[in-house]
S.K.: 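Quick one: the structure is below, questions incoming.
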Amino acid sequence: MEKQIAIKVENVGMTFRIVNNKTRSIKNYLIQRIKKKISYKEFKALQDVNFEVYKGEVVGLVGLNGAGKSTLFKIIAGVLKPTTGTVIKHGSVAPLIELGAGFNGELSGIENIYLNGLLLGYSKKFIKEKMDEIIAFADIGDFIYNPVNNYSSGMKARLGFAIATVVQPDILIVDEVLSVGDYKFREKCEARINEMIKGGTTVLIVSHSDSLIKKICTKVVWLEKGQVKEIGNPKEILAKYSSK
């Protein structure tokens, strides 16, 4: 049976413009911008990235800090638009990237469940039906009724993860989410991700845990300085990566 492509990353490049001018205030920056005295330099975060992910695969992305992993994941998730190239996805996508970043701090956890759920495409009726399940998984106690401004980063991640994974998506994108929170919560996250894998969800994951990559991944993409250095078997790639 021929493998079906879930994600195709084709000739993807991402260039950011970085301001050269050192300004001490927003006012000075705006004045220089109006006078067209602001100069920029270009930073190529990604260059000519190509790879395919097949349905049901669990693909790990490894690379040093600054290699372009998070930028690539945001492009695949649709958060960023690449400067060059295209990303083709087949199926629904749940991005577990910067969990809780989209929360409204003045609203309660309950209100943010509705807000985030609607943004993810859930219906109001579905959110109401799944509310107890989301609250139970997040396990943040009475804080669920308080403004999110009062939450720690770990609590925001708990709630964000619970909302994003209440449905089984076709594609799950996980960017270091398992490094947030306590050991028991990380175990809960791993268990839920494993359930999705067994159910046929395609997974892309970034993790600094080599043991996790070896345990759950079927393939590894190694990024170095914004380019694909090598793609292959997790044990073989990680052995080369770790020896650098």
Side-chain angles (χ1 to χ4, degrees), residues 58-62 65 69-70 73-74 76-77 79 92-122 126-218 220 234 238:
V58 184
V59 178
L61 196 64
V62 300
N65 289 337
K69 302 185 300 295
S70 291
F73 266 28
K74 286 176 183 176
I76 294 171
V79 176
S92 60
V93 180
L96 304 184
I97 300 172
E98 296 179 2
L99 288 174
F103 287 156
N104 184 321
E106 295 179 2
L107 299 180
S108 69
I110 298 274
E111 290 167 322
N112 271 290
I113 290 172
Y114 277 108
L115 179 64
N116 261 241
L118 291 170
L119 289 172
L120 287 169
Y122 308 159
F126 176 82
I127 299 166
K128 189 174 182 179
E129 289 171 353
K130 293 291 184 178
M131 181 64 72
D132 290 344
E133 183 182 332
I134 292 168
I135 292 171
F137 191 93
D139 193 20
I140 58 174
D142 288 340
F143 274 97
I144 196 70
Y145 305 106
N146 293 325
V148 167
N149 277 337
N150 298 332
Y151 290 15
S152 66
S153 59
M155 289 166 68
K156 289 178 185 176
R158 281 172 177 261
L159 187 57
F161 186 95
I163 297 166
T165 61
V166 74
V167 296
Q168 173 141 350
D170 297 309
I171 300 167
L172 183 69
I173 300 174
V174 188
D175 186 0
E176 289 296 356
V177 65
L178 299 181
S179 65
V180 179
D182 56 36
Y183 178 71
K184 283 189 176 180
F185 183 67
R186 289 199 297 272
E187 278 193 331
K188 278 174 72 174
C189 291
E190 278 191 44
R192 179 159 281 190
I193 290 170
N194 279 324
E195 283 175 18
M196 290 184 174
I197 291 169
K198 288 175 185 175
T201 293
T202 303
V203 178
L204 267 75
I205 184 168
V206 166
S207 175
H208 286 304
S209 170
D210 285 3
S211 60
L212 178 65
I213 295 285
K214 286 177 186 175
K215 185 165 69 175
I216 71 171
C217 291
T218 55
V220 166
L238 284 172

S.K.: Any chance you could measure Met155, atom CE, to Ile140, atom CD1, to the nearest 0.5 Å?
M.R.: 4.5 Å

S.K.: Looking only at non-hydrogen atoms, find the nearest pair between Val59 and Cys217 and report the distance.
M.R.: C-SG, 4.0 Å

S.K.: For the residue pair Gly105 and Pro147, what are the closest heavy atoms and their distance?
M.R.: O-CB, 3.5 Å

S.K.: Taking ring pair (Phe, Tyr, Trp, His ring centres under 6.0 Å) as the definition, give me every residue that meets it alongside Tyr122, ordered by chain and number, with sequence neighbours left out.
M.R.: Phe126

S.K.: Which heavy atom of Ala94 sits nearest to which heavy atom of Ala164, and what is that distance?
M.R.: CB-O, 3.9 Å

S.K.: Evaluate the ring planes of Phe137 and Phe161, with Trp represented by its six-membered ring, and classify them as parallel (under 30°), tilted (30 to 60°) or perpendicular (over 60°).
M.R.: parallel

S.K.: Taking OH in Tyr114 as the centre, count heavy atoms belonging to other residues, nucleotides or ligands within less than 6.0 Å. Is the count above 12?
M.R.: yes

S.K.: Taking only residues two or more places apart in sequence or in another chain, which ones pass side chain to side chain donor-acceptor pair (under 3.5 Å) with Thr218?
M.R.: none

S.K.: How many angstroms lie between atom CG of Leu61 and atom CD1 of Ile76, to the nearest 0.5 angstrom?
M.R.: 7.5 Å

S.K.: Sequence neighbours left out, what passes side-chain contact (heavy atoms from CB on, under 4.5 Å) with Ala77? Give chain and number order.
M.R.: Val79, Pro95, Ile97, Ile173

S.K.: Would you please name every residue forming a side-chain contact (heavy atoms from CB on, under 4.5 Å) with Asp139, sequence neighbours left out?
M.R.: Arg158, Lys188

S.K.: Which residues pass the side chain to side chain donor-acceptor pair (under 3.5 Å) test with Glu129, sequence neighbours left out?
M.R.: none

S.K.: Would you find a donor on one side and an acceptor on the other, under 3.5 Å apart, between the side chain of Glu133 and the backbone of Lys130?
M.R.: no

S.K.: Among residues at least two apart in sequence or on other chains, which ones pass side-chain contact (heavy atoms from CB on, under 4.5 Å) with Glu187?
M.R.: Tyr183

S.K.: Step by step, would you call Ile144 with Ile113 a side-chain contact (heavy atoms from CB on, under 4.5 Å)?
M.R.: CA-CA 10 Å; Ile144 196 70; Ile113 290 172; 4.0 Å; yes

S.K.: If every non-hydrogen atom of Ala162 is compared with every non-hydrogen atom of Ile134, which pair is closest and at what distance?
M.R.: CB-O, 3.6 Å

S.K.: With a 3.5 Å cut-off and sequence neighbours excluded, list the donor-acceptor pairs that the side chains of residues 192-205 form with protein atoms.
M.R.:
unit_1: Arg192; atom_1: NH1; unit_2: Thr165; atom_2: OG1; d: 3.1
unit_1: Asn194; atom_1: ND2; unit_2: Glu190; atom_2: O; d: 3.1
unit_1: Thr201; atom_1: OG1; unit_2: Gln168; atom_2: NE2; d: 3.0
unit_1: Thr201; atom_1: OG1; unit_2: Pro169; atom_2: O; d: 2.8
unit_1: Thr201; atom_1: OG1; unit_2: Met196; atom_2: O; d: 3.4
unit_1: Thr202; atom_1: OG1; unit_2: Gly56; atom_2: N; d: 2.9

S.K.: Determine the sole option in Ile213, Val62, Ile216 for which the side chain to side chain contact (heavy atoms under 4.5 Å, CB included) test with Ser207 is passed.
M.R.: Ile213

S.K.: Restricting to pairs with a member in residues 141-150, which pass side chain to side chain donor-acceptor pair (under 3.5 Å), not counting sequence neighbours?
M.R.: none

S.K.: What are the two closest heavy atoms between Phe73 and Val174, and how far apart are they?
M.R.: CE2-O, 3.3 Å

S.K.: Just to verify, what does Ser152 make a side chain to side chain donor-acceptor pair (under 3.5 Å) with, not counting sequence neighbours?
M.R.: none

S.K.: Please name all residues satisfying side-chain contact (heavy atoms from CB on, under 4.5 Å) with Ser70, sequence neighbours left out, ordered by chain then number.
M.R.: Asp175

S.K.: Taking side chain as C-beta onward, heavy atoms only, is Asn112 less than 4.5 Å from Tyr151?
M.R.: no

S.K.: Walk me through it: do Ile110 and Met131 pass the test side-chain contact (heavy atoms from CB on, under 4.5 Å)?
M.R.: CA-CA 8 Å; Ile110 298 274; Met131 181 64 72; 4.1 Å; yes

